[in-house]
Amino acid sequence: MPKKPRESNSRKDKIEIHHTETCKIDKFTLPPDAYFKGYDEVVIRDILIMPWNNRFQIEKYYSPSEGKTYRGKLVYPDPLQSSLHCLFHSTP
């Protein structure tokens with residue numbers, strides 16, 4: 001007895017896709033008889049909270065006697081900690 005086509009009820013079919021990117025293969029790495037067979041699809045869910053742009057003003061000093069510029073160090077904030085800080089302080 002042949003199988004009936006199944007209706008798809010998976011969550012993956014209900015997820016709204018915001019961006020699709022094609023991951024191409026370097027064709028020079030393929031053997032001459034290889035042919036295209038379609039795509040494997042992978043959906044990766046991510047959470048975008050909000051854009052958050054940071055400007056860092058790094059102090060710099062110039063020493064004429066040494067002919068050298070000195071700069072402060074750039075310290076990158078932890079992205080997760082910054083997002084949580086923003087969420088915590090933006091809620092009423």
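The shown structure was predicted, so the numbers you read here are calculated from the model rather than taken from an experiment. Side chains are part of it too, since the values below use all heavy atoms of this structure and drop only hydrogens, waters and symmetry mates.
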Trainee: Flag yes if more than 12 heavy atoms outside Tyr62 fall under 6.0 Å of its OH atom; otherwise flag no.
Mentor: yes

Trainee: side-chain contact (heavy atoms from CB on, under 4.5 Å) with Phe36: which residues, sequence neighbours excluded?
Mentor: Tyr39

Trainee: I'd like to check the side-chain contact (heavy atoms from CB on, under 4.5 Å) partners of Glu66; sequence neighbours left out, ordered by chain and number.
Mentor: Ser63, Lys68, Tyr70

Trainee: With side-chain hydrogen bond (donor to acceptor under 3.5 Å, both in side chains) as the rule and sequence neighbours excluded, what pairs involving residues 21-36 come up?
Mentor: His19-Glu21

